[in-house]
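Everything below concerns the one structure shown next.
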Amino acid sequence: MKLYDTLSRELKEVRINDRSLTMYVCGLTPYSEPHLGHAMKAIVFDVLRRYLEYSGFEVIHVENITDIDDKMINAADQNNTTVTEIAKENTKIYFDQMYALNVLKPHIIPKATEEIETIINIIKTLQEKDYAYAAEGDVYFRVRKSDQYGELSGRSLDGLKSGARVDLNPLKEDPLDFVLWKSKKQEEPSWQSPWGEGRPGWHIECTAMVNRYLGSQIDIHGGGQDLIFPHHENENVQSEAFSSSRPMSNHWVHNGLLRFGDDKMSKSIGNLVSVSDVLSQFSADAVRLFFLTSHYRSPLTFTEEAIASQEAAISRLKNALTPSNKTSSNKVLEINQDVDLFESAMNNDLNTPQALAILFGIVTKINQAKSFGEDIVPAQEVLRKLSKVLGFTLQNDKVLPDNLLSEVLDFTNQIKAKILDSGNTDILHKLSDVVLDDINVGKLDNNKRNAYLVNLLDAITEIRNYLRTNKLYELSDFVRDGLAEMDVVLEDSKDKSFWKYSG
RNA sequence: GGCGACGUAGCCAAGUGGUUUAAGGCGGAGGUUUGCAAAACCUUUAUUCGGCGGUUCGAAUCCGCCCGUCGCCUCCA
């Protein structure tokens with residue numbers, strides 16, 4: 001597989017030792033609820049991981065939580081709570097949402113506050129190697145000591161300097177030096193260190209975690225493009241200075257940023273769309289498909305319409321996986337070639353749009369073969385497998401709403417009345433078997449209520465099918481239209497009908 | 001000011017020198033199927049890739065200029 005490497009600015013074969021592969025992805029600073037940009041990043045690297053695993057690699061995936069820094073402290077102050085609380089809360093929300101989005105959990109999720117010892121040791125080594133210097137309780141990284149500062153983000157020290165807005169900190173030897181350790185101010189959380197009480201600077205935690213959990217050289221280092229400078233630039237030079245081995249990462253992989261309107265989605269601009277907002281409106285699969293229809297390195301603009309339109313595409317995908325109700329031909333649908341094409345698309349810098357084109361091509365082939373009565377079972381299995389590589393659940397995650405049962409019960413009575421009026425009383429026993437007249441619906445627990453509702457809808461569907469096959473169209477249309485008003489859609493096939501909830 | 005990316009149909013979005021007179025999805029139109037629908041299938045929807053020049057036997061794809069949009073240079077996935 002070839003992947004674009006930000007450092008060398010070219011596509012490079014993913015090099016691996018012993019079929020195992022280390023991947024570090026920059027995670028969350030949990031000072032507020034995650035936004036869709038976080039979800040996009042998570043899904044990009046989730047698909048990368050899933051595909052590498054599909055290709056036979058054992059991936060060790062580490063994703064950090066930076067649970068101490070300026071923003072954490074400010075957020076805690078503003079909300080009148082502690083850094084620990086706010087970190088705990090937002091981290092939980094994040095991983096719950098990632099679970100909902102079917103994002104695989106990283107194998108190791110280190111937290112900055114639990115790596116203080118490692119961080120201190122690394123800073124000490126950097127100081128011994130003359131890459132760092134202490135000043136009044138702070139420790140700074142000496143940027144000019146490193147030959148390759150700027151190589152990752154493609155900028156020069158002089159260029160950075162002329163770019164204005166450098167902060168004038170008299171403790172720094174050079175304005176571009178960055179802080180490794182910050183001395184304690186007021187009531188901030190702090191830890192004991194050789195330089196006095198303080199806390200880690202922003203970039204050092206990643207160096208510590210990479211080294212501790214994955215070693216001094218890793219295969220893939222990931223994050224959003226906005227992290228290239230200064231975060232990854234600084235992390236890169238300090239890591240290499242620390243370990244004296246380079247490259248720190250064989251691949252630096254950066255996803256394009258999510259935009260909203262004309263700007264990127266960002267906390268500082270305030271144009272955020274939260275993951276929970278989106279998940280309350282759209283299925284996880286549609287959200288995922290929205291991200292995967294564009295290449296991971298391109299910017300992508302969020303619009304509700306764009307995600308909404310993916311719902312239809314997901315239904316098509318799911319529909320191709322429903323069983324055939326007749327297999328009359330001996331011909332078995334062959335799609336081996338499509339699998340090859342899918343893999344070459346993915347091998348080409350994770351080209352998910354192209355891979356999706358192949359996937360939908362398989363959908364069309366299955367649908368065609370289905371109508372010819374060919375054996376589509378093996379092809380469906382392959383389609384399911386490839387869909388899983390992209391992380392689709394293909395579950396019907398439309399939850400039946402709480403009030404649906406009482407609506408359906410009301411409607412059931414209307415159906416009864418209609419049928420009685422028409423004189424076709426013999427049909428009614430089909431309903432009577434299912435409807436529990438004296439049941440107290442409110443007392444059922446969720447599972448039972450849901451099961452009851454499903455049985456009821458099955459029974460109504462069956463009755464409607466009976467009406468239809470007996471050409472009682474007025475009654476059967478009444479049933480179908482009534483269900484449609486409750487967002488329950490009936491679909492007829494040759495000799496059976498199905499219902500599905502589309503709300 | 002410095003560094004970088006992008007501009008493809010109504011919308012989203014691949015393709016980066018010839019197999020492409022440009023994938024795929026959404027949407028639209030017509031048809032098949034259906035009691036009518038839904039779903040599905042078939043046909044159709046960019047002679048053309050922001051504009052103008054150039055290189056080449058050949059360019060959406062390479063080069064130059066212009067127009068437009070965006071990112072990074074400050075916290076950010």
Side-chain angles (χ1 to χ4, degrees), chain A residues 6 9 25-29 31 34-45 63 69-71 74 150 153-156 158-167 202 222-231 233 254-259 262-269 272 289-290 292-295 297-301 303 305-317 319-320 322 341 345 348 351-361 363-364 366-372 468-469 471-474 476-477 480-481 484 489-494 497-500 502:
Chain A
T6 306
R9 290 168 180 72
V25 181
C26 268
L28 197 69
T29 301
Y31 68 99
H35 64 252
L36 251 202
H38 293 108
M40 177 172 171
K41 178 218 71 178
I43 286 172
V44 164
F45 287 97
E63 187 172 322
D69 95 331
D70 292 355
K71 293 191 295 301
N74 292 339
S153 55
R155 49 199 87 197
S156 67
D158 295 333
L160 282 166
K161 224 167 185 173
S162 65
R165 278 191 287 193
V166 255
D167 92 76
W202 176 29
Q225 274 170 359
D226 52 351
L227 291 184
I228 296 173
F229 191 92
H231 182 53
E233 186 65 61
H254 292 105
N255 63 278
L257 300 179
L258 188 64
R259 299 205 309 219
D262 285 338
D263 296 302
K264 74 168 171 167
M265 191 175 286
S266 146
K267 287 170 191 166
S268 44
I269 300 175
L272 296 182
L289 182 56
F290 165 66
L292 300 183
T293 49
S294 111
H295 186 77
R297 284 197 283 121
S298 305
L300 180 63
T301 303
T303 61
E305 300 75 54
I307 301 187
S309 74
Q310 303 306 152
E311 295 284 8
I314 287 291
S315 309
R316 213 165 102 77
L317 188 55
N319 219 296
T322 57
L341 290 171
N348 179 24
N351 194 330
T352 52
Q354 214 162 51
L356 283 167
I358 309 298
L359 208 70
F360 280 100
V363 166
T364 301
I366 287 177
N367 285 332
Q368 284 169 345
K370 197 187 253 179
S371 62
F372 293 130
R468 181 174 66 98
T469 47
K471 300 199 190 313
L472 297 164
Y473 294 129
E474 199 186 317
S476 74
D477 286 353
R480 188 175 63 192
D481 296 345
V489 179
L490 282 180
E491 290 181 12
D492 297 336
S493 70
K494 201 129 203 134
S497 299
F498 303 90
W499 63 268
K500 67 178 182 191
S502 69

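Proteins get letters first, then strands, A, B, ... in listed order; numbering begins at 1 in each. When reading the values below, keep in mind they use all heavy atoms of this one structure, side chains included, and skip hydrogens, waters and symmetry mates.
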Between [N] atom [atom2] and [X] atom [atom1], what is the distance in whole Å?
| X | N | atom1 | atom2 | answer |
| --- | --- | --- | --- | --- |
| A:Leu341 | B:U19 | CG | P | 17 Å |
| A:Leu490 | B:A40 | CG | P | 16 Å |
| A:Leu258 | B:C70 | CG | C1' | 13 Å |
| A:Asp226 | B:G71 | CG | C1' | 9 Å |
| A:His231 | B:U74 | NE2 | P | 16 Å |
| A:Asp492 | B:C36 | CG | P | 12 Å |
| A:Leu227 | B:C72 | CG | P | 11 Å |
| A:Ile43 | B:A77 | CD1 | C1' | 12 Å |

* To do: On RNA chain B, check which nucleotide each of A:Gln354 and A:Asn319 is closest to and give me the residue with the more 5' one.
  =>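 By nearest-heavy-atom nucleotide position, the 5'-most residue is A:Gln354.
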* Using the closest heavy atom to pick a nucleotide of RNA chain B for each, name whichever of A:Asn255 or A:Glu474 lands nearer the 5' end. =>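 The 5'-side residue here is A:Glu474.
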What interatomic distance, in whole Å, is found between [atom1] of [M] and the corresponding atom of [N]?
| N | M | atom1 | value |
| --- | --- | --- | --- |
| B:U16 | B:G10 | C1' | 26 Å |
| B:G54 | B:A59 | P | 12 Å |
| B:G58 | B:G17 | C1' | 8 Å |
| B:C3 | B:U45 | P | 45 Å |
| B:U55 | B:U74 | C1' | 43 Å |
| B:U8 | B:A60 | P | 15 Å |
| B:C49 | B:A22 | P | 12 Å |
| B:G27 | B:G64 | P | 42 Å |

* To do: Ignoring backbone atoms, test whether A:Asn351 places a side-chain nitrogen or oxygen under 4.0 Å from the OP1 or OP2 oxygen of B:G15.
  =>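 Checking A:Asn351 against B:G15: at least one side-chain N or O falls below 4.0 Å of OP1 or OP2.
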* So does A:Ser298 get a side-chain nitrogen or oxygen closer than 4.0 Å to the phosphate oxygens (OP1/OP2) of B:A14? ->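 Yes, such a contact exists.
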For the atom pair [atom1] ([X]) and [atom2] ([Y]), what is the distance rounded to the nearest 0.5 Å?
| X | Y | atom1 | atom2 | result |
| --- | --- | --- | --- | --- |
| A:Glu311 | A:Phe290 | CD | CZ | 12.5 Å |
| A:Gln225 | A:Ile228 | CD | CD1 | 5.5 Å |
| A:Leu258 | A:Thr301 | CG | OG1 | 7.5 Å |
| A:Leu292 | A:Asn351 | CG | CG | 11.0 Å |
| A:Leu359 | A:Thr352 | CG | OG1 | 11.0 Å |
| A:Arg480 | A:Ser497 | CZ | OG | 9.0 Å |

Scan [X] against the nucleic acid and name what it touches under 4.0 Å (heavy atoms): base, sugar-phosphate only, or nothing.
| X | answer |
| --- | --- |
| A:His254 | nothing |
| A:Asp70 | nothing |
| A:Gly222 | nothing |

* **Distance-minimising heavy-atom pair for A:Arg9 and A:Ser153** =>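 Taking A:Arg9 first and A:Ser153 second, the nearest heavy atoms are NH2-C, 3.6 Å.
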* Residues in salt bridge (charged side-chain N to carboxylate O under 4.0 Å, His left out) contact with A:Arg155, at least two apart in sequence or another chain ->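 A:Arg155 satisfies salt bridge (charged side-chain N to carboxylate O under 4.0 Å, His left out) with no residue once adjacent residues are dropped.
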* List the steps, then state whether side chain to side chain contact (heavy atoms under 4.5 Å, CB included) holds for A:Val44 with A:Arg297. => CA-CA 10 Å; A:Val44 164; A:Arg297 284 197 283 121; over 6 Å; no
* Measure from the side chain of A:Arg480, starting at C-beta and using heavy atoms only, and say which of B:C73, B:G71, B:C36 lies closest. =>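 The nucleotide sitting nearest to the side chain is B:C36.
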* **Closest to the A:Leu257 side chain, choosing from B:C75, B:C41, B:G71** =>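 Selected nucleotide: B:G71.
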Kindly say whether [Y] contributes a backbone atom to a donor-acceptor pair with the side chain of [X] at under 3.5 angstrom?
| X | Y | answer |
| --- | --- | --- |
| A:Lys41 | A:Val25 | no |
| A:Lys500 | A:Glu491 | no |
| A:Gln310 | A:Leu289 | no |

Close N/O contacts between protein and nucleotides 3-7 of chain B (under 3.5 Å):
unit_1, atom_1, unit_2, atom_2, d
B:C3, O2', A:Gly154, O, 3.2

* Does A:Arg259 get its side chain close enough to the base of B:C70, under 3.5 Å, for a donor-acceptor pair? ->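 No pair found.
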Please tabulate the protein-to-nucleotide N/O contacts below 3.5 Å involving nucleotides 24-33 of chain B, giving atom names and distances.
unit_1, atom_1, unit_2, atom_2, d
B:G25, OP1, A:Arg316, NH2, 2.9

* **Counterpart residues, side chain to side chain donor-acceptor pair (under 3.5 Å), relative to A:Asp70 (two or more places apart)** =>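 So A:Asp70 forms a side chain to side chain donor-acceptor pair (under 3.5 Å) with A:Lys182, A:Arg199.
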* **Which residues share a side chain to side chain donor-acceptor pair (under 3.5 Å) with A:Thr6, sequence neighbours left out** =>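 If we apply the side chain to side chain donor-acceptor pair (under 3.5 Å) test to A:Thr6, skipping adjacent residues, the hits are A:His254.
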* Asked: Where does RNA chain B pair, written as one dot-bracket string 5' to 3', with Watson-Crick or G-U pairs under 3.5 Å, ( ) inside the strand, [ ] for crossing pairs and | for another strand?
  -> (((((((..(((.....[.....)))((((((.......))))))....(((((..]....))))))))))))....
